[in-house]
Amino acid sequence: MEPDFSRPDSAFAVSRWFQANLPRIVVAPSFVAVMVFVYGFIVWTAYISMTRSKLLPRYDFEGFFQYGRLWSMDRWQVALENLFVFSGLFIFFCMALGLLLAILLDQRIRVEGALRTIYLYPMALSFVVTGTAWKWILNPGLGIEKVVQDLGFTDFQFNWLVDPDLAIYTIVIAGVWQSSGFVMAMFLAGLRSIDQEILKAAYMDGASLPKIYLRIIIPSMRPVFLSAFVVLAHLAIKSFDLVIVLTRGGPGYATDMPATFMYAMAFQRGRIGLAAASATIMLMTVMAIMVPYLYSELRRKRDE
Amino acid sequence: MASLEIRALTKKFGDVTVLDHIGLVIQDGEFLVLVGPSGCGKSTLLNIIAGLESETCGEILIDGRAVNDVHPKDRDIAMVFQSYALYPNMTVRKNITFGLKVRNTPGPKIEEMLAAVSDLLKIGSLLDRKPAQLSGGQRQRVAMGRALVRDPSIFLFDEPLSNLDAKLRVEMRTEIKKLHHRLGTTIVYVTHDQTEAMNLATRIAVLHQGRIQQLGAPQHLYDHPDNLFVAGFIGSPAMNLLPGSLSSSDGGLYFRPGDGEDLIRVDHYPFREAPADGAPVVFGIRPECVTLPREVEGQARFEVELVAEAVETNGFDKHVAFAYGASELIGRLPAKAGLVAGQPMRVGFDLSGISIFDRRSERRL
Ligand SMILES: Nc1ncnc2c1ncn2[C@@H]1O[C@H](COP(=O)(O)OP(=O)(O)OP(=O)(O)O)[C@@H](O)[C@H]1O
Ligand SMILES: [Mg+2]
């Protein structure tokens, strides 16, 4: 029977309300969960960072006392310095290597499919596996150093893993190994999306291949660069598992990163307030990268 | 300006022969249109001329000089692509001058050439925009500007108008034609649109199955198609093609449609070689030669009563589909002609411009 719209009875009104609001009702539980467990705890953490919480949280407001302490700690300075060294090198080498591999693969070589899989494969591993594998490879008693020495070069030394000044670079090596294949895939997709006729036109205009890449292809891949940068930057700031597995932040705290610092303070040293302060600073760093990115993405969507 | 010669050019992709011993001589200043159905190898041929693709065998000569081993940039050829292929990251100005900069042309000279080209194509106000901010027609102009500014001796166009809407296509067609008159540069132009080919070309080459089916002036191709493929391809609506046979009786030569009783007198037809009696042929007549009896002038005529099955009007004339035996016959009647679908009516054939083909070899007799 056709519903009578001129005299809506209450059952019909309820069912219509359900129909109109069904999407909201379905999404509501996860929305509530996200609000509480993500944003709620972000607020909680931010608040805790302004208290004198030690092993257990305390709720009397103390202002920026923990932040002052944090910035005066040598270990935090080292962690920040490591973060800059690591993320700078990690992002740069991932991008450079990824772009180079993508350009080489883009020359339509025959074994492309196989090579692409090989390069992409590390991405399928967790950082824990990568870290463990590289820990063995770089271990002076087990890995490269021993192999080369066994080959007869007894003077050969490669002990970065245990050198406080150089250990951070082993994390860079492992991180680049893991992530550059993924960056390559992004760049390759970008290269492939460029109209072949554009390349032909440039070729007829008299541009050499390097010039075509430098002046036309790479500049028109700016969005891909930006996406790759954002993905890599947040990987770098979050980097935790790789450090834990590879060096445990050591030797000493030479390879500590903000994430491992926070973990150590919160769960090993019983200084929750300090840990919360470092977590808040990490959040702000991530936001400093993500917010402009999202803003520009959204603006571009609106322009289109 | 330059002449272009293609000698016995063959191109294979694996086992597939896309171009099969193509031979073509293009005079200095000519506007040659390569036309053919999709996938017949037009773009491939153009790319080989440009040097963007390598030939399997054969020779390309520009002004009598073999250029097979000459780099595309040194062939003095400019090309306009179907997708326009503008550099997306550069402004219109940079798009146009990129080729000059790469060739180390001095700055003042670049400015001068840019000004000349943007004047000619009326794109002066667009110079600081990016390609994404241009309409289809504007992109088309910029793409032509990029080719023009190099002042090449040969232009190649690969379906430059196929991405434009119908009205703009006609407009740009006229502009390209004017441009050719003005510059007099040799042009090789690819399209699959036979109307475009007819309108632009000084000569048309019809490409099909890897071979040039016919090469000649547009009117010649229209009036004297060399084979059935060209007859069906050139002209819109297409030429009517009726299978049947030749028979001579009463001292005259007649065409008898396959299943009919009619005898259409074809004595006047200039056969290239004397046909055998009863030879299986295909009789070709253009739609404009199938019309009202009073519209037909001259001696070579034939009248028959046919039923109009469908009528299409375009304002200027009427395209009428008649049933003729087992075949369909398209006629073009004056717009004023009063006719009713389903009614029989008298129809006249103007036989002065017919074509007759051998049914087996598909060649013109
Ligand atoms: N790189 C290639 N490898 C294999 N076959 C190809 C390649 N390029 C083109 N072909 C084939 O060659 C034939 C001619 O292609 P081409 O692009 O020259 O056609 P076209 O006449 O330009 O068609 P269209 O009007 O659709 O542009 C097609 O059948 C196509 O499948
Ligand atoms: Mg093509």
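Within every chain, numbering begins at 1; the chains are lettered A, B, ... in the order of the sequence lines, protein sequences first and strands thereafter. Since we're looking at a predicted model, the values are computed, not measured.
- Interface remark: B:D74 contributes no atoms to any contact with chain A (heavy atom separation under 4.5 Å).
- Around atom OH of A:Y203, no more than 12 heavy atoms belonging to other residues, nucleotides or ligands sit under 6.0 Å away.
- One finds the OG atom of A:S208 at 8.0 Å from the NZ atom of B:K73 (value rounded to the nearest 0.5 Å).
- Ranked by heavy-atom pairs under 4.5 Å with chain B, the list A:R222, A:E197, A:K211 is led by A:E197.
- Ion pairing of A:D205 with B:R103 is absent here, as no side-chain N (NZ or NE/NH1/NH2) approaches a carboxylate O to less than 4.0 Å.
- Scanning all heavy atoms of the two residues, the minimum distance from A:A201 to B:R146 falls at CB-NH2, 3.4 Å.
- Other residues, nucleotides and ligands contribute only 12 or fewer heavy atoms inside 6.0 Å of the CD atom of A:E81.
- Near-neighbour residues of residues 85-102 of chain B relative to chain A, defined by a heavy atom under 4.5 Å from a heavy atom of that chain, comprise B:A85, B:L86, B:Y87, B:P88, B:N89, B:M90, B:F98, B:G99, B:V102.
- Interface remark: A:R215 contributes backbone and side-chain atoms alike to the contact with chain B (heavy atom separation under 4.5 Å).
- Scanning all heavy atoms of the two residues, the minimum distance from B:I77 to A:M204 falls at O-CE, 3.4 Å.
- Within 6.0 Å of CZ in B:F13 there are more than 12 heavy atoms belonging to other residues, nucleotides or ligands.
- Residue-environment remark: CZ (B:F31) exceeds the threshold of 12 foreign heavy atoms within 6.0 Å.
- The neighbour count for A:F225 CZ, taken as heavy atoms of other residues, nucleotides or ligands under 6.0 Å away, is above 12.
- For the pair A:K200 and B:F81, the minimum side-chain heavy-atom distance is below 4.5 Å.
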